Q: 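Please find one structure pasted underneath; my questions will follow.
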2 protein chains.
Amino acid sequence: MEKVVLIFKDYLRKRGLKFTPEREVVLREVFSLHKHFDAEQLYQNLYKRKKKISRASVYRTLPLLVRAGLITETLRCQGRTSYEHIFGHGHHDHMLCIGCGKVIEFRSEKIEKLQKEICRKYGFKPVEHRLGIKGYCRECQKKIKMKKKLPLDREK
Amino acid sequence: MEKVVLIFKDYLRKRGLKFTPEREVVLREVFSLHKHFDAEQLYQNLYKRKKKISRASVYRTLPLLVRAGLITETLRCQGRTSYEHIFGHGHHDHMLCIGCGKVIEFRSEKIEKLQKEICRKYGFKPVEHRLGIKGYCRECQKKIKMKKKLPLDREK
DNA sequence: CTTGTTGCAAACTGTTTGCATATTG
DNA sequence: CAATATGCAAACAGTTTGCAACAAG
């Protein structure tokens, strides 16, 4: 944990930016969470905990953490940009359950390798990639089977 | 092309929705394009061509096309929801160049298969998946090499 | 003490919605 | 003619920004 603080400080120093209390609080909150989050959730968490940091600062800090290589954007769920920390966590891909919203993380060396191969073939230099599979998790499949028929998709 | 019209009509009829001139115009425009697009671009195209369809109708029609299985959302670039048509085009994945914005489409049977395997392992029933690789295309790599140093990432 | 940062509120952007009117099946 | 669609403008949600006061290096 102290390591990420050092990395962030270093990132900031190198470009003449400042390590402020607000930024530190955001950083620590991010790394105390162990799942995906978005700016608003983070803000709410801090707010409840009486750390009154403005939304603006949260929105301004997250991109810095991305550039510092500490967090990354993930699948967009319903319009909000969501993030997860990446440091010491390594790359992985996601399955997102349409039924309950659950996120399953996985990693496949084979897929990683194939991707690199394909990039090479196209002369493409990959920087980041993201694989997301939407579908239904085990539990939600059961729930669905219990209903006689799937409703028509007439909901909004 | 007439085939997609039939599919859409069928989709609409089955759920008591109407095949209106506006919907037809949007549908035809979508299928006359051969690249990714977003709601605003579509609206602008139609507007220039004197087909005055309201933004609201465009926004209301696109989700119908998605549900009809004719188009699909793609990578989100800069905040807008972007789509591509899928009919007769088949599934494929994307490389997105950070330098010039170019989109390279590719498809790997091996990756598709591995994904299915992984889903099976997790008891996950996939509905849709999306693999996006961000990086630099051949041309942009050359451009970058020509500069002595990469600029610090201090831009917004 | 200079430069970057904060918080606030206002501005923006993409998208959705309520409603009166018009159109489809 | 009943039910759905349209266009408009207003409403929304998430995010960004201008600015005056403030704080880090």
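Just so we're clear, the structure is a prediction, and the values are computed from it rather than from any experiment.
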Q: For B:Y59 and C:dT15, is the shortest distance between a side-chain N/O and OP1 or OP2 below 4.0 Å?
A: yes
Q: Could you tell me whether the phosphate oxygens of D:dT15, OP1 or OP2, come under 4.0 Å of any side-chain nitrogen or oxygen in A:T81?
A: yes
Q: Going by an N to O cut-off under 4.0 Å, is there a salt bridge joining B:E112 and B:K110?
A: no
Q: B:S57 side chain N/O closer than 4.0 Å to the phosphate oxygens (OP1, OP2) of D:dA5?
A: no
Q: Return the orientation label for the B:F106 and A:Y122 ring planes: parallel under 30°, perpendicular over 60°, tilted otherwise.
A: tilted
Q: Tell me which of B:P21 and A:R60 sits closer to the 5' end of DNA chain C, going by the nucleotide each one is nearest to.
A: A:R60
Q: Would you mind reading off the distance between A:K9 atom NZ and C:dG4 atom P, rounded to a whole angstrom?
A: 20 Å
Q: When the distance from NZ of A:K18 to P of D:dG25 is rounded to whole Å, what number comes out?
A: 7 Å
Q: Could you tell me whether the side chain of B:R55 has a donor or acceptor atom within less than 3.5 Å of a complementary atom in the base of C:dG14?
A: no
Q: Atom CD of B:E73 to atom P of C:dG14: distance rounded to whole Å?
A: 15 Å
Q: Name the residue closer to the 5' end of DNA chain C, choosing between B:F19 and B:A56 according to the nucleotide with the nearest heavy atom.
A: B:A56
Q: Would you kindly compare A:A39 and B:K52 by the position of their nearest DNA chain D nucleotide and give the one closer to the 5′ end?
A: B:K52
Q: In whole angstrom, give the distance that lies between atom CZ of A:R15 and atom P of D:dA24.
A: 21 Å
Q: Can you measure B:F37 atom CZ to C:dG14 atom C1' for me and round it to whole angstrom units?
A: 16 Å
Q: Using modelled atom types only, decide if a donor and an acceptor are shared between the side chain of B:T74 and the backbone of B:S82 within a distance under 3.5 Å.
A: yes
Q: Measure up the A:F19 and A:F8 rings against each other and bin them: parallel (under 30°), tilted (30 to 60°), perpendicular (over 60°).
A: perpendicular
Q: Output the rounded distance in Å from OH (A:Y47) to C1' (C:dC8).
A: 14 Å
Q: Take the protein atom NZ of B:K14 and the nucleotide atom P of C:dG25, then report the distance between them rounded to whole Å.
A: 16 Å
Q: May I have the distance from A:L64 (atom CG) to C:dT6 (atom P), rounded to whole angstrom?
A: 9 Å
Q: Respond yes when some side-chain nitrogen or oxygen of A:R23 is under 4.0 Å from OP1 or OP2 of C:dT5, and no when none is.
A: yes
Q: According to the interplanar angle, ranging from 0 to 90°, do the rings of B:H34 and B:H85 count as parallel (below 30°), tilted (30 to 60°) or perpendicular (above 60°)?
A: perpendicular
